[in-house]
2 protein chains.
Amino acid sequence: MSERTNQGEIDIATSPRKRTGNGAARHHDADEIGLDALVGHAGYAVRRFQIWIFQDFIKTLADVDIRPTQYSVMTVIGANPGLSQMAVAKRLGIERARLVHLLDSLESRRLVKRIKSKTDRRSHALHLTAQGETALAKFKRLAAEHERHVEEKIGKENREHLLRILAGFT
Amino acid sequence: MSERTNQGEIDIATSPRKRTGNGAARHHDADEIGLDALVGHAGYAVRRFQIWIFQDFIKTLADVDIRPTQYSVMTVIGANPGLSQMAVAKRLGIERARLVHLLDSLESRRLVKRIKSKTDRRSHALHLTAQGETALAKFKRLAAEHERHVEEKIGKENREHLLRILAGFT
DNA sequence: CGGCAATTGTTGTCGTCAACAACAATCTTT
DNA sequence: AAAGATTGTTGTTGACGACAACAATTGCCG
């Protein structure tokens with residue numbers, strides 16, 4: 001739907017112009033505003049894309065009220081039962097302080113449980129509850145649907161290439 | 001004074017061989033924790049990449065104390081002098097409420113100025129100051145250096161392909 | 001023309017998220 | 001046993017997005 005097609009190449013933006021004292025400048029239509037140097041910055045494109053992708057994820061999983069970070073936490077715990085909070089935080093690049101609240105929330109929803117480790121009484125071993133496992137299965141189906149939205153947006157081909165390019169960051 | 005010195009240390013390509021002694025279940029080394037379904041999710045890869053890219057941007061432009069959003073605002077104003085706040089906000093996908101603070105900050109640093117529009121007394125025409133223009137030139141050089149870091153990280157080829165894939169989001 | 005709706009900038013609130021600091025309980029090292 | 005490191009926790013700060021309310025101003029429509 002986003003018919004923004006900015007191929008128009010506006011040339012009015014290449015040299016700095018100063019209208020000394022002249023406050024009211026020319027009139028710009030909404031989509032003829034040049035981005036200048038921003039085009040060609042990977043960070044800008046990635047950020048916009050990331051916002052889009054997260055919004056779609058949140059919307060697609062709105063029924064089950066699961067956000068991307070919660071999903072990632074449950075996925076990792078599901079694949080590696082018994083991990084400590086430290087290990088999960090490190091693996092996902094989350095602050096361990098932040099993980100505390102994430103787990104508080106998931107635990108209060110009976111999706112995850114903290115079990116006191118016997119070998120290290122400081123740490124907790126993280127597990128999915130039975131209901132957490134079945135819930136995760138559903139989340140994964142919805143996440144797959146979200147992933148199809150991504151395909152529709154950028155193309156199957158491009159999505160796969162993207163995953164290859166960014167494989168090192170996972 | 002937002003001197004946050006990000007050393008977030010997402011150890012992505014490096015494997016720091018640390019023991020995570022969780023006792024309850026199996027023993028996991030830090031980098032042998034599976035991500036399961038997370039691999040194959042574009043959103044996860046994009047998010048990690050975006051975090052990396054922003055941290056590098058912030059670090060590379062730390063000397064001039066310019067963050068990605070500030071850079072994008074100045075770039076757009078520099079390329080389209082006289083834009084209203086509404087127009088800039090819409091173009092960059094920023095809340096206009098948020099842009100107020102961004103401009104307050106940039107204006108107090110004499111990089112940007114708000115000039116009362118004569119044709120619409122509600123709106124401000126945004127311009128770079130003279131010092132803002134020279135500053136932006138420097139920012140762009142540093143941003144280009146940052147972009148080279150991205151190339152080193154994912155490869156020149158891949159960076160260009162990425163920009164092509166995500167061109168629709170700019 | 002006059003009144004009403006829409007727009008613009010602004011202020012403020014709320015919630016998410018990353019970075020840090022401090023702390024008690026508990027290992028680990030020496 | 002003492003010193004130092006690690007784990008989970010609490011709390012603070014700051015960047016950021018989403019909203020809501022508001023005054024000033026503009027545009028529209030009858």
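By convention in this document, chain letters (A, B, ...) are assigned in the order of the sequence lines, proteins followed by strands, and residues within each chain are numbered from 1. Atom set for the values below is all heavy atoms of this structure, side chains included, hydrogens, waters and symmetry mates excluded.
- Straight-line distance from the NE2 atom of A:His101 to the C1' atom of D:dG11: 8 Å, rounded to whole Å.
- One finds no side-chain N or O of B:Ser123 lying less than 4.0 angstrom from the OP1 or OP2 phosphate oxygen of C:dT7.
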From CA spacing to verdict: side chain to side chain contact (heavy atoms under 4.5 Å, CB included), A:Val88, A:Leu99: CA-CA 8 Å; A:Val88 171; A:Leu99 187 58; 3.9 Å; yes

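- Closest contact between the side chain of B:Asp104 and the listed nucleotides C:dG9, D:dG17, C:dT11 involves C:dT11.
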Distances under 3.5 Å between nitrogen or oxygen atoms of protein and nucleotides 1-4 of chain D:
none

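- Remark: B:Glu107 engages B:Arg114 in a side chain to side chain donor-acceptor pair (under 3.5 Å) (not counting sequence neighbours).
- The interatomic distance linking A:Leu92 (CG) with C:dA18 (C1') rounds to 15 Å, in whole Å.
- Closest to the side chain of A:Arg98, out of D:dT10, D:dG8, C:dA18, is C:dA18.
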CA sep, side-chain torsions, deciding dist, call: B:Phe49, A:Phe169, ring-ring contact (aromatic ring centres under 6.0 Å, His included): CA-CA 6 Å; B:Phe49 181 51; A:Phe169 290 89; 4.9 Å; yes

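- Which of D:dC19, D:dC16, C:dA19 sits closest to the side chain of B:Ala97 comes down to D:dC19.
- Rounded to a whole Å, the CD1 atom of A:Ile51 is 8 Å from the C1' atom of D:dG17.
- A:Glu160 meets the salt bridge (charged side-chain N to carboxylate O under 4.0 Å, His left out) test with A:Lys156; sequence neighbours excluded.
- Ring pair B:His146/A:His41 is tilted by interplanar angle, where 30° to 60° counts as tilted.
- In this structure, CG of B:Leu83 is placed 12 Å from P of C:dT8, rounded to the nearest angstrom.
- Going from atom CG of A:Leu102 over to atom C1' of D:dT10 covers 15 Å, rounded to whole Å.
- One can place CD1 of A:Ile115 at 14 Å from P of D:dG8, the figure rounded to the nearest angstrom.
- Distance CZ (A:Arg114) to P (D:dT7): 16 Å, rounded to an integer number of Å.
- Remark: side-chain polar atoms of B:Ser105 are not paired, donor with acceptor, to backbone N or O of B:His101 under 3.5 angstrom.
- Applying the side chain to side chain donor-acceptor pair (under 3.5 Å) criterion to B:Gln70, with sequence neighbours excluded, gives no partner residue.
- You'll find the side chain of B:Ile77 reaches within 4.5 Å of the side chain of B:Leu103, heavy atoms only.
- Between the CZ atom of A:Arg47 and the P atom of C:dA18 there is a distance of 14 Å, given to the nearest Å.
- Between A:Ala135 and A:Leu111, the closest heavy-atom pair is CB-CD2, 3.8 Å.
- Residues from residues 52-62 of chain A that place a heavy atom under 4.0 Å from any atom of DNA chain C: there are none.
- Distances from the side chain of A:Val100 to the nucleotides C:dA19, D:dG8, C:dT11 place D:dG8 closest.
- Comparing C:dT8, C:dA18, D:dC19 against the side chain of A:Glu95 picks out C:dA18 as the nearest.
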Annotated protein contacts, base or backbone, on nucleotides 23-30 of chain C with a non-hydrogen cut-off under 4.0 Å, one of B, S, - each: --BBS---

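- Side-chain contact check for B:Glu147 versus B:Asp56: every heavy-atom pair is 4.5 Å or farther apart.
- When the side-chain nitrogen and oxygen atoms of B:Gln85 are compared with OP1 and OP2 of C:dT10, one or more of them lie within a distance under 4.0 Å.
- In plain terms, the two heavy atoms of A:Ile165 and B:His161 that are nearest each other are CD1-CB, 4.3 Å.
- When only modelled atom types and interatomic distance are considered, A:Arg48 and A:Tyr44 share a side-chain donor-acceptor pair under 3.5 Å.
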